[in-house]
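Both ligands and their constituent atoms are indexed starting at 1 by order of listing. Owing to the predicted nature of the structure, the values given are computational and were not obtained by experimental measurement.
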Amino acid sequence: MASPINVKSEIGKLKTVILKRPGKEIENITPETMPRLLFDDIPYLPVAQKEHDEFAEVLRDTGTEVLYLDDLVAEALVDKNVRQEFLQRIINESGYENSEISGSLNDYLNSFDVPTMLEHIMQGVRKDEVEIKSLDLKEVSTDQSYPFLMDPMPNLYFTRDPAASIGEGLSINHMTFKARQRESLFMEYIIAHNSRFKDKGVNVWRNRNHETRIEGGDELVLNNHVLAIGVSQRTSAEAIQDIANNLFNASSGYDTVIAIKIPHNHAMMHLDTVFTMINYDQFTVHPAILTEDGQVDSWILHPSENGVSIEHHRDLKEVLKKALDLDDLDLIPTGNGDPIVAPREQWNDGSNTLAIAPGEVVTYNRNYVSNEVLRKHGIKVHEVLSSELSRGRGGPRCMSMPIYREDLTK
Ligand SMILES: NC(=[NH2+])NCCC[C@H](N)C(=O)O
């Protein structure tokens, strides 16, 4: 049976992608909750939506089928029992396992049709919306002035992170911060219950029932047997070893994982904020992750007799050339490597390019220096508007989860 998921590179012609249009969850961020919800500012929703619609339009115009996360989840939850099970799990994961409030939340959310119920879960549930039937001791002891019973999920428009397609399967991720951990539950239900994926033998290489953390922004599919994974603020070495082991032991086709260490900070939270593949032999790289002579700590993982072998290397170019069997490659510096422009444009996701075909990418228009450099290196660049979307610290790669790319011919 043909798999509904097929992503054997970062650059094969993009056929199907999952997006989430920013919704009311964005307007439920306050200055106080901003840091915890992983935002640096509060986007103006109507403009963010307009920008996002334009992004989706560019993808459709270039031949990509665009699916929306909320529609996929809604279809997965048509069965009443599945819906009830999902609802209970999301309520539990919102901190109400064995709590008396659980029943009130359940009644409230169940009073809506499925799309509206999902909208409420995503945008967050305020205390004054729900009629609390009993006094829960745990709830009484929390900050009474905090307005939400269930927190908003403003990072949902970064569909890249809760799950990542790899070959004919995916990882459904245990994410790092509480603000995002519930997000991957949606993908679990889509894979198990949406008719597009259900009973189609989709491989889950690593599920979300783990303590060790990994996020899709760190998972780059370089070709049909090599992955690069960031060792980052969001992805731990343990999770990388674990997923490598699973991939090597399953018939995934993957036999090489390059773990690349990047600084652990908010601006560079994932590998794809500082390094992306945009052509067979071309990559964008933020110069700050490399030493002056192009060194960065990296480890190559391979299957071995006792599980996984690990070798340490430092020369990124050499590591990539060897793993991808290339004579040479072109590392294109963000912001042309300028000490002011590079960090400024990286901050607004100047390295976070989404390849929609070999040598063809979608980027934010505000990173005009990086875009110009890409064009000089022969890349076809589609620019999209970015004043509001960029405030969430994610660009075109973060805002898209490819589930189908054409296989490469070279
Ligand atoms: N793949 C990415 N770079 N995603 C960006 C995610 C940004 C989001 N605010 C977070 O901190 O989680």
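For D161, every heavy-atom contact with ligand 1 shorter than 4.0 Å involves the side chain, none the backbone.
Proximity to M269 (heavy-atom distance under 4.0 Å) selects the following atoms of ligand 1: 3 (N), 5 (C), 7 (C), 11 (O). Close approach of ligand 1 to D272 (heavy-atom distance below 4.0 Å) involves ligand atoms 1 (N), 2 (C), 3 (N). Below 4.0 Å from some heavy atom of F158 lie the following atoms of ligand 1, by number and element: 6 (C), 7 (C), 8 (C), 9 (N). Listed by atom number, the atoms of ligand 1 under 4.0 Å from H266 heavy atoms are 11 (O). Residue contact check: T273 has heavy atoms under 4.0 Å from atoms 3 (N) of ligand 1. Less than 4.0 angstrom separates some heavy atom of G217 from each of these atoms of ligand 1: 1 (N). Close approach of ligand 1 to R234 is summarised as follows: ligand atoms under 4.0 Å from at least one heavy atom of the residue are 10 (C), 11 (O), 12 (O).
For L38, a nitrogen or oxygen atom sits less than 3.5 Å from a nitrogen or oxygen atom of ligand 1, counting backbone and side chain alike. The distance criterion of under 3.5 Å between nitrogen or oxygen atoms is not met by G394 with respect to ligand 1. At a 3.5 angstrom cut-off on N or O pairs, N155 counts as close to ligand 1.
With hydrogens and angles disregarded, no donor-acceptor distance shorter than 3.5 Å links the side chain of S304 to the backbone of H302. At distances below 3.5 Å, at least one donor-acceptor pair connects side-chain atoms of E345 with backbone N or O atoms of S370.
The shortest side-chain heavy-atom distance between K13 and R405 does not fall under the 4.5 Å cut-off. Within the 4.5 Å cutoff, no side-chain heavy atoms of D161 are placed close to those of N173. In this structure, the side chains of L389 and P22 come closer than 4.5 Å at one or more pairs of heavy atoms.
Of the protein's heavy atoms, C398 SG, 2.8 Å lies nearest to atom 2 (C) of ligand 1.
More than 12 heavy atoms of other residues, nucleotides or ligands lie within 6.0 Å of OH in Y108, so this atom counts as buried by the packing criterion.
Outside the 6.0 Å centre-distance limit, the rings of Y254 and F248 are not counted as a close aromatic pair. Separation of the F112 and H120 ring centroids falls under the 6.0 Å cut-off.
Ion pairing between R126 and E129 fails under the 4.0 Å rule for side-chain N and carboxylate O.
Of the listed residues (R397, M401, R393), the one carrying the non-hydrogen atom nearest atom 7 (C) of ligand 1 is R393.
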